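Only one structure is covered here, and it is reproduced in the block below.
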Amino acid sequence: MDKFIIKGGTPLKGTIPISGSKNAALPLMAASLLGNSPSVIQNIPKLKDIYTFNNVIRVVGAHVDFKEDENTLVIDPTHINHLEAPYDLVRKMRASFYMLGALVGKHGFAKVSLPGGCAWGPRPVDLHLKGMEAMGIDISLEKGYVIAKAGDKVEGGSFKLEPSSVGATVNLVLASVLKAEKFTIKNAAKEPDVVQLCNFLVEMGANIQGIGTDTLTIKAVDELQGIKVSNDPDRIELGTFMIAGAMFPGSDLTLNGCNPDHLGSFPDKLRKTGTSVDINGTTIRVKASDKLKPVSIKTEIYPGFPTDLQAQWATMMTQADGNSKVTDTVYFDRFSYVPELVRLGADMEVEKNTVKISGKTPLTGASVMSTDLRASVSLVLAALVAENTSEVLRIYHLDRGYESLEDKLTAVGANIKRVEET
Ligand code: EPZ
């Protein structure tokens, strides 16, 4: 297991390219299995979760060729012969559960392991299963596996997601585009990842109405053809680097290859801290202010403040002059990073689903442990502004969601080294 050694206390200056989105790529990869011919997906990041999903797709018999130097995936679904996704792979990555919708949606049968837990509390899939049952798919549970049967076609109907759920929306769309006479998803997620998936499926030949709204209506078509598409840039990586550029006086970062439209309310929130945010086409320039203002946020579903930037924002608020609050209304216990930041010198306290932060607190280097993808990158952000040297352990969490992180940070002046954890 690798770790980062980071010597903090210097501003970040220069340009960072934004990679393709992990959370947008995974649904496209699952959707490509619905086609009668191969699909080509460009702008795919070289991340652990992508390699994990490639293995899951290969297990069912599809052919996957990851042209790494071109960040391009070629997925040929025409040889699928095994309609099962095993526990040892699904437990590594929750999004493997998309195989349920893809396999039952195309082949009328699927046996997929329930996803394992994760670092912060339960992440149920009850909405995925109830929605499929509402569609007319037969769902049963057997020794930790979900068995879904849909036969040739199902009647469809309608289902309201409460709460709105990205994963459930993805799985229900995948299950219905070839199977459900007519199916309406109410309170559907509107995240860019879901919009991209729906547009991809329509280009393959699907009939989906209401794309980009919270009501999706799907009518089954007889077949879908593989297509070539370029995956969205990663809006969470983008937000993470915008925060990195805001945290230390003198930092000045230019981020290339962005889609600013996918940031929702985030840029304006960041401007409220006194940070200069200049959006120009697909480039965003962030310049740190000399005095960060405290700004409280509350996460919400898209286009509200994304929960995947909650930890990063709270970390930045340790450097603001004054008190602030960060509330997560999507995940009520996604605060595992807080005790680690306190060890670096932060003054923070969690109460229910809110962390209260008193700033500005100088941070000093320490050895800290990451516990999940966004918590781990927040520890890196903190270490970059802390005096002296920090160690961020268990960075395999980071390798799941941030492509070439240490290279990108080194290129803008950070003192960060990856070493084998002894
Ligand atoms: C997706 O997870 C993302 N993962 C998460 O990003 C992100 O945090 C989350 O959406 C919210 O935006 C991927 O896209 C691969 P949800 P997902 O279903 O789909 C509850 C990262 O860091 N819920 O939208 O699993 C759930 O408990 C990852 O990149 C049910 O109650 O999230 C949560 O409170 C972490 N029952 C809320 O809905 C269900 O059946 C939203 O979860 C499903 C969800």
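When a residue number appears, it is its place in the shown sequence, counting from 1. Both ligands and their constituent atoms are indexed starting at 1 by order of listing. Just so you know, these numbers come straight off a predicted model, no measurement behind them.
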- Contacts of type salt bridge (charged side-chain N to carboxylate O under 4.0 Å, His left out), residue K106, not counting sequence neighbours: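 Listed in chain order: nothing, the list is empty.
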- Relative to ligand 1, is L127 under 4.0 angstrom through side chain, backbone, both or neither, heavy atoms considered?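 Both backbone and side chain.
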- Query: Heavy-atom contacts under 4.0 Å between Y331 and ligand 1: side chain, backbone, both, or neither?
  - Reply: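 Only the side chain of Y331 comes within reach of ligand 1.
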- Message: Given 3.5 Å as the limit, does a donor-acceptor pair link the side chain of N187 with the main chain of L161, or not?
- Response: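 Looks like yes, one N/O pair under 3.5 Å.
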- Please check if the side chain of N71 supplies one atom and the backbone of I44 the other of a donor-acceptor pair under 3.5 Å.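 Yes, because the side chain of N71 sits within donor-acceptor range (under 3.5 Å) of the backbone of I44.
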- Apply side-chain hydrogen bond (donor to acceptor under 3.5 Å, both in side chains) to T299 and D328, showing your working. CA-CA 5 Å; T299 70; D328 201 326; 2.7 Å; yes
- ligand 1 N/O within reach of E191 N/O, cut-off under 3.5 Å: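 No, no N or O pair falls under 3.5 Å.
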- Query: Based purely on interatomic distance, does D193 place a nitrogen or oxygen under 3.5 Å from a nitrogen or oxygen of ligand 1?
  - Reply: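 No; every N/O pair is 3.5 Å or more apart.
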Numbered atoms and elements of ligand 1 in range of [X], under 4.0 angstrom, heavy atoms:
X	value
T307	8 (O), 11 (C), 12 (O)
H128	40 (O)
V125	39 (C), 40 (O)
R94	25 (O)
V166	10 (O), 16 (P), 18 (O), 19 (O), 24 (O)
G167	18 (O), 19 (O)

- Message: To the nearest 0.5 Å, what is the distance between CD on E406 and CD1 on I5?
- Response: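 Taking CD in E406 and CD1 in I5, the distance rounds to 12.5 Å.
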Answer yes or no for [X]: is there a heavy-atom contact with ligand 1 below 4.0 Å?
X	value
K130	no
V330	yes
P124	yes
R334	yes
P163	yes

- Message: Contact between Q225 and M204 at the side-chain level, heavy atoms closer than 4.5 Å - yes or no?
- Response: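 Counting from C-beta outward, Q225 and M204 never come under 4.5 Å.
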- Over 12 non-hydrogen atoms of neighbours within 6.0 angstrom of NZ in K356: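 Atom NZ in K356 is not crowded, with 12 or fewer foreign heavy atoms closer than 6.0 Å.
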- Item | Positive for side chain to side chain donor-acceptor pair (under 3.5 Å) with Y402, one of K408, H397, E237, R374 |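 Exactly one candidate clears the test, R374.
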- Contact list for residues 128-176, test ring pair (Phe, Tyr, Trp, His ring centres under 6.0 Å), sequence neighbours left out: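 Only F97-H128 qualify under ring pair (Phe, Tyr, Trp, His ring centres under 6.0 Å).
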- Using side chain to side chain contact (heavy atoms under 4.5 Å, CB included) as the criterion, point out the one residue from I75, I80, T52, L73 that pairs with I57.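 Looking at I75, I80, T52, L73, the match for I57 under the side chain to side chain contact (heavy atoms under 4.5 Å, CB included) is I75.
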